[in-house]
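The block underneath contains the structure these notes are about, expressed in structure tokens.
Values in this document were obtained by computation on a predicted structure and should not be read as measured data.
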Amino acid sequence: MVAVEVMTGSLFHVNVEEDNAKVADLKRAIAAQQKLPFDRMILLLGDGCCISDNDDDLTLVECGIHDNGSRIYLFFTPIDDGSSDDFIFRSLK
């Protein structure tokens, strides 16, 4: 089980059963459990590392996410409203 905290402050746990589960599997599990948009998720690890869309094929272990002890912070990309404002998400490291 991985602890996930949404930027609103709510905390929940999600279980990804497979030993070789990928980031995309975790995102799908979060989306299904919490009814959240899979395609807009940004995951930030407790150490400040950002998991991008390019990391979806990495295993959770490769990203440093371990069962029972990892905490992930969940953010979302903004909805494309056609504005010219750019959105940049940078790692805290």
Side-chain angles (χ1 to χ4, degrees):
M1 251 192 233
V2 176
V4 181
E5 186 173 345
V6 183
M7 59 187 172
T8 59
S10 62
L11 178 71
F12 61 92
H13 292 86
V14 66
N15 193 14
V16 181
E17 300 274 334
E18 302 172 29
D19 290 338
N20 59 348
K22 299 190 182 290
V23 170
D25 298 326
L26 176 61
K27 287 181 176 181
R28 276 193 280 281
I30 292 169
Q33 180 178 319
Q34 299 294 313
K35 297 181 180 33
L36 296 170
F38 169 87
D39 60 335
R40 293 184 42 227
M41 288 183 191
I42 299 171
L43 303 179
L44 187 67
L45 301 181
D47 64 3
C49 287
C50 177
I51 298 175
S52 72
D53 287 341
N54 297 334
D55 298 328
D56 280 353
D57 288 332
L58 294 176
T59 67
L60 298 180
V61 173
E62 288 173 320
C63 292
I65 301 170
H66 302 283
D67 205 18
N68 294 326
S70 290
R71 181 176 222 148
I72 295 175
Y73 301 93
L74 178 61
F75 297 87
F76 299 93
T77 59
I79 296 172
D80 184 8
D81 61 1
S83 72
S84 60
D85 296 331
D86 290 332
F87 175 76
I88 299 172
F89 189 83
R90 295 190 178 118
S91 175
L92 298 177
K93 275 189 164 181

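Taking 4.5 Å as the limit, some side-chain heavy atom of Ile65 sits within range of a side-chain heavy atom of Ile51. Inter-residue side-chain proximity for His66 and Val61 is flagged as met; some heavy-atom pair is nearer than 4.5 Å. Using a 4.5 Å heavy-atom threshold, the side chains of Ile42 and Leu74 count as separate.
The side chain to side chain donor-acceptor pair (under 3.5 Å) test applied to Gln33 returns no partner, not counting sequence neighbours.
Under the 4.5 Å side-chain heavy-atom criterion for Ile, Leu, Val, Met, Phe, Trp and Tyr, Phe76 and Val4 are members of the same hydrophobic cluster. Hydrophobic clustering (ILVMFWY, side-chain heavy atoms < 4.5 Å, transitive): Phe12 and Tyr73 are in one cluster.
With rounding to the nearest 0.5 Å, the separation of CG in Leu58 from SG in Cys63 is 4.5 Å. For the atom pair CG of Leu11 and CZ of Arg71, the computed distance is 5.0 Å after rounding to the nearest 0.5 Å. Within the model, atoms CZ of Phe75 and CZ of Arg40 stand 13.5 Å from one another, a figure rounded to the nearest 0.5 Å. To the nearest 0.5 Å, atom CG of residue Leu44 and atom CD1 of residue Ile72 are 9.5 Å apart. Here the CG-SG distance, from Leu43 to Cys50, works out to 8.0 Å after rounding to the nearest 0.5 Å.
Sorted by first then second residue, the side-chain hydrogen bond (donor to acceptor under 3.5 Å, both in side chains) pairs that include residues 20-30, not counting sequence neighbours, are Asp25-Arg28, Lys27-Asp53, Lys27-Asp56.
Among all heavy-atom pairs drawn from Gly64 and Ser70, the shortest one is O-OG, 3.8 Å. The nearest pair of heavy atoms linking Ala31 to Phe38 is CB-CB, 4.0 Å. Ala29 approaches Val14 most closely through the heavy-atom pair CB-CG2, 3.6 Å.
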